[in-house]
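Presented below is the structure to which this report refers.
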Amino acid sequence: MSEKKTILSVKDITMQFGGVVAVNNLTLKVREGEIVSLIGPNGAGKTTAFNVITGVYAPTNGEVKFHDKTIISNFPKGKMDKLYAGENKGKYKKTLEPTPDKITKLGIARTFQNIRLFKELTVLENVLIAKHMRMKANIFADTFRLNHKEEQKMREDSLELLRILDLYDVKDEIASSLPYGKQRHLEIARALATEPTLLLLDEPAAGLNPQETDELTDFIKDIRDKFHLTVFMIEHHMNLVMDISDRIYVIDFGKQIANGTPAEIQNNQHVIDAYLGVADDE
Amino acid sequence: MTEQKKHKLSILFSAIAIVVLALLLVGVNKYTAPTYMLRTVLQLGSIYALVAVSMNLLNGFTGLFSLGQAGFMALGAYTFAIFTIPANQRAGVYYLYGVADWLANIELPIVAALIVAGIVCAIMAALIGAPVLRLKSDYFAIATLGFAEIVRIIVGSSPMNRITNGSLGLKMIPKFPNFYFPFIVVAICIFIVWLLINSSYGRAFKAIREDEIAAEAMGINLAKHKRMSFIISSFFAGVGGALMAMYMGAITSTTFNITLTYNILLIVVIGGMGSLTGSIISSFLVIAAREWWLRFLDQPFFIGGVQIPLFKTGFRMVVFSIILMIVVLFFRKGIMGTKEFNWNFILKRMDKKQPAGGEGNE
């Protein structure tokens with residue numbers, strides 16, 4: 001394991017909203033090709049951590065490295081300077097707050113906990129939109145179709161992607177008319193269309209029935225191999241998490257309480273107390 | 001029928017429709033008197049169609065609720081007027097305040113002036129876009145509304161006397177060189193918008209309308225794309241304003257008050273937010289109803305020598321408003337919704353008529 005390169009490195013991230021510390025001094029590493037899960041009780045700060053990594057929120061303190069390059073960095077300043085309740089104050093001196101689109105361009109794609117498709121557009125359009133950012137033509141060339149070849153390739157790539165992910169048959173359907181499970185798939189397809197090396201999944205199994213959840217396990221492993229991805233996900237379905245993850249991080253009240261392989265996590269007393277609880281009927 | 005065949009047939013039908021419409025226009029031009037109402041309705045309708053399309057690009061396709069259209073139209077109209085009033089007529093137009101020296105002898109050809117009008121608006125949009133586009137929804141609407149008012153007031157204010165002729169307004173603006181001129185300009189402009197909307201950038205605009213957060217997560221630079229949409233919309237609003245100036249021949253700053261923006265918004269909403277063809281259809285319908293079909297309501301009306309009381313000046317607008325309410329009640333999303341006009345209704349019928357084995361032969 002250790003010879004594999006670290007792709008994502010989150011260091012001492014603290015996210016504080018006013019007086020509330022949502023994520024406290026979170027440090028984690030995701031290595032190339034791994035599937036890593038982030039678990040914890042509701043309100044533990046998992047989605048906030050995701051939002052920091054994807055640039056939705058600028059962290060109050062700490063930094064994020066992607067492929068050994070610092071992409072996000074911040075330290076408490078202004079009003080936060082006095083209010084700051086986290087640790088490692090003064091360790092980071094740089095301010096780097098890219099918007100989410102810049103992060104996506106670097107190769108980090110994400111899905112959302114509550115599906116956020118472009119509802120009124122077709123399945124194909126949803127995927128094409130994700131390809132837009134890689135387009136080289138400017139708006140003038142694009143409007144007057146001077147980039148015919150590029151557009152053609154975009155279409156072909158998108159159709160190919162839909163074919164691989166088994167969405168080709170519904171390519172002309174309106175996204176919101178798809179059944180829920182397909183919508184989840186489409187959201188992943190759309191994320192893949194941005195050509196990421198790291199895929200962040202925010203509760204991909206939320207709302208799926210047990211059979212669909214089982215299928216999702218294979219699906220995630222499948223796309224990881226096909227697209228040479230690294231997957232970092234938040235999930236509540238313990239079966240899925242334990243099945244699929246190479247490593248697991250557990251957080252509670254914004255703080256990391258454990259990390260390790262699924263087997264280690266299952267036997268960790270802290271995790272059992274805070275989150276897993278004692279099995280009563282299984 | 002295969003997808004490709006359908007696509008080809010649609011294009012064929014559209015081409016036929018355009019030729020038929022063009023021939024109808026020629027017919028109207030040849031066989032109606034120059035003062036006939038239909039001519040006015042068609043010309044004014046086409047101008048409103050362009051401005052409605054430009055507003056729809058922003059409001060319906062990018063999801064930015066702007067109320068600044070009248071401001072950009074004023075800017076376009078005045079720019080156009082300033083550059084096209086014949087140089088030898090300027091002394092007469094600016095008889096009270098005199099004309100600014102640098103302006104006295106500039107005279108551009110009509111088409112060049114139309115483009116300049118658009119570019120001035122685009123530059124203005126780029127300038128105010130940076131601060132204004134940071135605002136969201138209602139706040140953006142209020143800011144653009146404020147901008148429109150500021151433009152109107154500055155244009156009509158006394159420090160601008162020697163350029164815009166202040167509150168007196170401008171006249172002797174060249175009229176349309178021929179009957180077809182506005183249709184050609186509007187058709188070209190709307191065609192460009194149509195191309196844009198169906199391009200990758202157009203899809204990005206729609207993505208922003210659907211879900212800003214998801215669009216940004218898909219790598220779309222929100223600030224940049226919103227700015228582009230705002231600038232392009234303003235460009236065409238400026239061209240529309242210039243056409244309006246040509247149509248009217250004389251303009252004052254009060255021509256471009258808030259009511260104008262609301263009239264355009266009304267056309268966009270009735271046509272359907274996010275539908276170009278909807279905007280076009282509804283602008284002709286609204287203009288025809290308001291200016292032509294309902295005119296009789298303003299005249300005194302007699303049945304058997306008894307005058308019906310309601311029929312007098314102004315009643316037209318009451319009926320017009322009631323019709324609008326009914327339309328909005330029954331077509332919640334406007335006439336077309338977010339869909340575009342297409343030929344599917346004919347294509348489907350043709351599909352049914354084909355013998356069952358028809359598909360296999362191909």
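By convention in this document, chain letters (A, B, ...) are assigned in the order of the sequence lines, proteins followed by strands, and residues within each chain are numbered from 1.
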* Asked: Contact part of A/Ala193 toward chain B, heavy-atom cut-off under 4.5 Å: side chain, backbone, both or neither?
  ->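 When you check distances to chain B, no heavy atom of A/Ala193 falls under 4.5 Å.
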* Proximal component of A/Ala109, with respect to chain B [non-hydrogen, under 4.5 Å] ->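 Looking at A/Ala109, nothing touches chain B.
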Given heavy-atom pairs under 4.5 angstrom as the criterion, report whether the side chain, backbone, both or neither of [X] touches chain A.
X	value
B/Phe205	side chain
B/Ile232	side chain
B/Ala223	neither

Please identify, among [options], the residue contributing the most non-hydrogen atom pairs under 4.5 Å to chain B.
options	answer
A/Leu128, A/Val56, A/Ile108, A/Thr54	A/Leu128
A/Arg145, A/Arg134, A/Met135, A/Glu120	A/Arg145
A/Lys105, A/Arg116, A/Glu151, A/Arg110	A/Arg116
A/Lys119, A/Glu125, A/Arg190	A/Arg190
A/Thr104, A/Ile103, A/Leu121	A/Thr104
A/Thr194, A/Thr111, A/Asn147, A/Thr143	A/Thr143

* To do: For residues 118-149 of chain A, pull every pair meeting ring-ring contact (aromatic ring centres under 6.0 Å, His included), keeping only residues two or more places apart or in separate chains.
  =>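 Those involving residues 118-149 of chain A are A/His132-B/Tyr201, A/His132-B/His225, A/Phe140-A/Phe144.
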* Does a donor on one side chain and an acceptor on the other come within less than 3.5 Å for B/Ser200 and A/Asp142? -> no
* Side chains of B/Ser54 and B/Gln69: donor-acceptor distance under 3.5 Å anywhere? ->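 B/Gln69 and B/Ser54 do have a side-chain donor-acceptor pair below 3.5 Å.
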* To do: May I ask you to decide whether B/Glu212 forms a salt bridge with B/Lys226, counting only side-chain N to carboxylate O separations under 4.0 Å?
  => yes
* Is any side-chain N of the basic residue among A/Glu150 and A/Lys153 closer than 4.0 Å to the acidic one's carboxylate O? -> no
* Which residue out of B/Leu222, B/Thr338, B/Ile192 racks up the most heavy-atom pairs below 4.5 Å with chain A? ->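 Max contact count across the listed options: B/Ile192.
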* Asked: Can you find a pair of side-chain heavy atoms, one from A/Asp202 and one from A/Leu200, that are under 4.5 Å apart?
  ->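 Of all side-chain heavy-atom pairs linking A/Leu200 with A/Asp202, none is under 4.5 Å.
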* To do: With side-chain contact (heavy atoms from CB on, under 4.5 Å) as the test, would you mind laying out the steps for A/Asp101 and B/Ile220 before giving the verdict?
  => CA-CA 6 Å; A/Asp101 57 291; B/Ile220 292 168; 5.7 Å; no
* Roughly how far, to the nearest 0.5 Å, is CG of A/Leu124 from CG of A/Leu161? ->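 Here the rounded value is 10.5 Å.
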